[in-house]
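Please read the structure below before turning to the comments.
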Protein chains: 2
Amino acid sequence: MKKNCELGEIAGVLRNANRFLVMSHVRPDGDAYGCELAMALCLRELGKDVTVWNEDGMLDRYRFMPGSGLVERPSAEPRDFEVAICLDTAVQDRIGSCWGSVRSAGCWINIDHHITNNHYGDLAYVDASAPAAGQILYELFAGQGLPLTRDMAANLYVAISTDTGSFRYPSTTARTYEIGAELVRLGVDVGRLSQEVYESYPRRRIELLRELLNVLRMSSGDRVASFGLDRATTARVGALPEDNEGLIDTIRAIEGVEVAAFFEEMEGGRVRVSLRSKRPEVDVSRVCAQFGGGGHTLAAGARVAGSLGEVETRVLLAIEHELART
Amino acid sequence: MKKNCELGEIAGVLRNANRFLVMSHVRPDGDAYGCELAMALCLRELGKDVTVWNEDGMLDRYRFMPGSGLVERPSAEPRDFEVAICLDTAVQDRIGSCWGSVRSAGCWINIDHHITNNHYGDLAYVDASAPAAGQILYELFAGQGLPLTRDMAANLYVAISTDTGSFRYPSTTARTYEIGAELVRLGVDVGRLSQEVYESYPRRRIELLRELLNVLRMSSGDRVASFGLDRATTARVGALPEDNEGLIDTIRAIEGVEVAAFFEEMEGGRVRVSLRSKRPEVDVSRVCAQFGGGGHTLAAGARVAGSLGEVETRVLLAIEHELART
């Protein structure tokens with residue numbers, strides 16, 4: 001295991017260099033954007049020249065975050081930077097197409113909380129005990145006397161809140177709550193930010209949920225809950241791909257259910273399968289592997305050729321076999 | 001406005017008296033139970049004789065809370081106590097049938113965070129700036145050097161987490177997060193408690209959600225989302241009163257919705273109305289006050305005589321008027 005640099009070394013580079021590139025992983029979430037924006041705003045307070053890239057640009061759903069206008073897609077022409085910073089990014093190539101757009105950088109900084117991070121870069125600081133990369137950035141800014149404005153605090157709040165499921169996941173520590181208190185003291189508007197993050201979704205999503213609950217199916221003696229979404233329903237509701245994100249959690253939470261399954265009919269005669277297990281003994285990545293997919297023990301997926309009904313039947317049978325093992 | 005007593009006076013009574021009754025409001029939520037149980041466990045640590053009543057007894061969904069076995073329904077025969085404590089209860093008759101079961105009590109203590117609390121009782125401490133009554137109890141126990149065990153901390157955690165929507169509501173203060181940190185230090189298992197509170201519910205609840213989404217109604221130019229639950233549906237799904245707690249948040253989160261309303265047909269030709277506002281300018285407690293109810297600006301309720309359809313129409317009209325004010 002490589003050793004972490006000191007946060008003071010990173011602070012030194014932030015203070016002394018001038019042309020910075022800030023990046024995070026593809027398919028960005030609240031922690032990715034929160035870190036990118038907090039870092040970018042800090043560097044601007046220091047009077048630096050800052051470029052902020054994400055392969056996906058700025059997703060609409062996170063546009064409420066202060067400074068969101070700074071996030072661009074990587075440039076078509078490769079560019080040179082003094083310092084390139086990767087945040088919340090376990091493996092360097094998870095910055096996606098940003099990779100090809102950096103022709104050179106004098107110093108790579110890597111700040112992350114994923115235990116699998118291999119300390120790439122010239123200055124790497126990885127703390128797997130932090131529930132969010134945003135928590136590490138707070139320690140960096142506050143501990144090293146760097147600027148920490150209200151807008152930066154709002155971005156760190158979104159980062160920490162989203163990566164802890166709103167201060168709920170087992171990874172949440174006493175320090176996480178303490179930082180929450182400090183961010184509120186810096187002026188974070190908890191109610192407004194939380195509403196933007198958690199309590200705001202298009203009506204389409206509710207209509208989709210209704211359609212899905214109307215076809216909810218319990219199987220394997222009520223140990224499995226599943227629903228399927230056909231393309232006709234998607235079209236009728238006008239649903240976008242991101243609208244169904246997280247809906248599987250609604251049926252996963254049913255008492256007695258051990259596996260939740262979501263089947264989504266795609267173009268080209270394929271079905272996207274998402275599985276969630278509630279018990280580590282029931283390994284849904286084994287089930288998905290049988291269909292050419294993969295993932296983790298408790299959350300896995302696959303794309304399977306066949307009609308919606310066919311794929312549902314085959315996968316539910318495979319889940320039944322997996323349950324029989326335990 | 002009556003003045004608060006000192007927390008020290010309450011602590012004095014807790015230390016000096018012997019036979020206590022602890023109560024909270026009917027249709028108890030996490031804050032009601034969390035306060036009752038934290039107070040009861042504190043008094044037991046002090047070696048006192050403690051009775052814990054709630055009109056609804058202990059609901060299954062909260063049985064995971066430490067000490068939950070202490071909660072009983074009020075006795076059929078009226079009893080005498082030295083001290084009767086009402087927690088999280090804005091109006092004294094909201095203790096429901098507990099009221100008739102207290103023949104006498106030498107001292108009534110009233111600890112609450114509802115702004116409408118009229119300081120009933122011999123010792124009243126009302127702090128409307130606290131997002132949960134559990135936050136006031138934390139200040140009482142910690143500030144007055146009273147016992148504060150891990151099990152008490154878990155109950156206060158559930159109280160505070162549920163009444164702040166998991167540290168999200170605008171009422172959440174820096175102090176709330178600080179107390180979160182202290183409760184974690186006292187040994188609270190954030191992941192387990194959060195899973196019990198937020199990620200575990202009976203299948204009935206999902207069936208109820210489906211029924212409700214099927215009758216979802218948008219009004220006032222899509223600024224209001226509402227649904228009504230009739231007794232026939234409740235009976236068909238086999239739903240218990242607690243199964244619908246929080247379902248209103250699902251429709252409150254729809255983009256563009258400013259007020260969410262839930263109408264529940266009760267026995268005796270009455271309808272329970274729950275309203276949630278997303279904007280402080282839209283005061284749903286004003287709407288509920290017109291129907292003999294009350295609550296907070298963003299969350300209020302009332303019980304209204306009339307048929308489900310009638311009450312829906314009248315309340316939706318009153319909401320439209322409230323919206324027109326802004």
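Both backbone and side-chain heavy atoms feed into the values below; hydrogens, waters and symmetry mates do not. Letters A, B, ... are given to chains in the order of the sequence lines, protein chains preceding strands, and every chain is numbered from 1.
- With 3.5 Å as the limit, one finds a donor-acceptor pair spanning the side chains of B:E320 and B:S220.
- Chosen from A:R168, A:E199, A:R210, the residue pairing most often with chain B at heavy-atom distances under 4.5 Å is A:R168.
- Counting heavy atoms from C-beta on, the side chains of B:V257 and B:V224 never come closer than 4.5 Å.
- Ranking B:G180, B:P170, B:S166 against chain A, the residue ahead of the rest is B:S166, based on heavy-atom pairs under 4.5 Å.
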| message | Assess the residue pair B:S161 and B:Y198 against the criterion (side chain to side chain donor-acceptor pair (under 3.5 Å)); give the C-alpha distance rounded to whole Å, side-chain angles, the decisive distance to 0.1 Å, and a yes or no. | response | CA-CA 10 Å; B:S161 173; B:Y198 299 105; 2.6 Å; yes
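- For the residue pair A:H113 and A:D163, a side-chain donor N or O sits within less than 3.5 Å of a side-chain acceptor on the partner.
- Contacts of B:T173 with chain A are made by backbone atoms alone, with heavy-atom separations under 4.5 Å and no side-chain atom involved.
- Both the backbone and the side chain of A:T250 have a heavy atom closer than 4.5 Å to some heavy atom of chain B.
- Aromatic ring centres of A:F167 and A:Y177: separated by under 6.0 Å.
- Ranked by heavy-atom pairs under 4.5 Å with chain A, the first of B:T172, B:L298, B:V184, B:D222 is B:V184.
- Between A:E258 and A:R223 there is a salt bridge, with a side-chain nitrogen of the basic residue lying less than 4.0 Å from a carboxylate oxygen of the acidic one.
- Between A:D31 and A:I160, every side-chain heavy-atom pair lies at or beyond the 4.5 Å cut-off.
- Comment: B:E322 engages B:R286 in a salt bridge, judged by a side-chain N to carboxylate O separation of less than 4.0 angstrom.
- Donor-acceptor pairing under 3.5 Å is recorded for the side chains of A:D127 and A:S129.
- Listed options A:K278, A:R205, A:Q195 were ranked by heavy-atom pairs under 4.5 angstrom with chain B; first place goes to A:Q195.
- Among the residues in residues 185-194 of chain B, those with a non-hydrogen atom closer than 4.5 angstrom to a non-hydrogen atom of chain A are B:R185, B:V190, B:G191, B:S194.
- For B:I179, no part lies near chain A; criterion is any non-hydrogen pair under 4.5 Å.
- When heavy atoms are compared at a cutoff of 4.5 Å, A:E178 approaches chain B by way of both its backbone and its side chain.
- The candidate with the highest count of non-hydrogen atom pairs below 4.5 Å against chain A, out of B:L213, B:L212, B:L216, is B:L213.
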| message | I'd like to know whether A:Q135 forms a side chain to side chain donor-acceptor pair (under 3.5 Å) with A:T176, so could you lay out the CA-CA distance, the side-chain angles of the two residues, the decisive distance to 0.1 Å, and finally the verdict. | response | CA-CA 7 Å; A:Q135 181 161 331; A:T176 314; 2.9 Å; yes
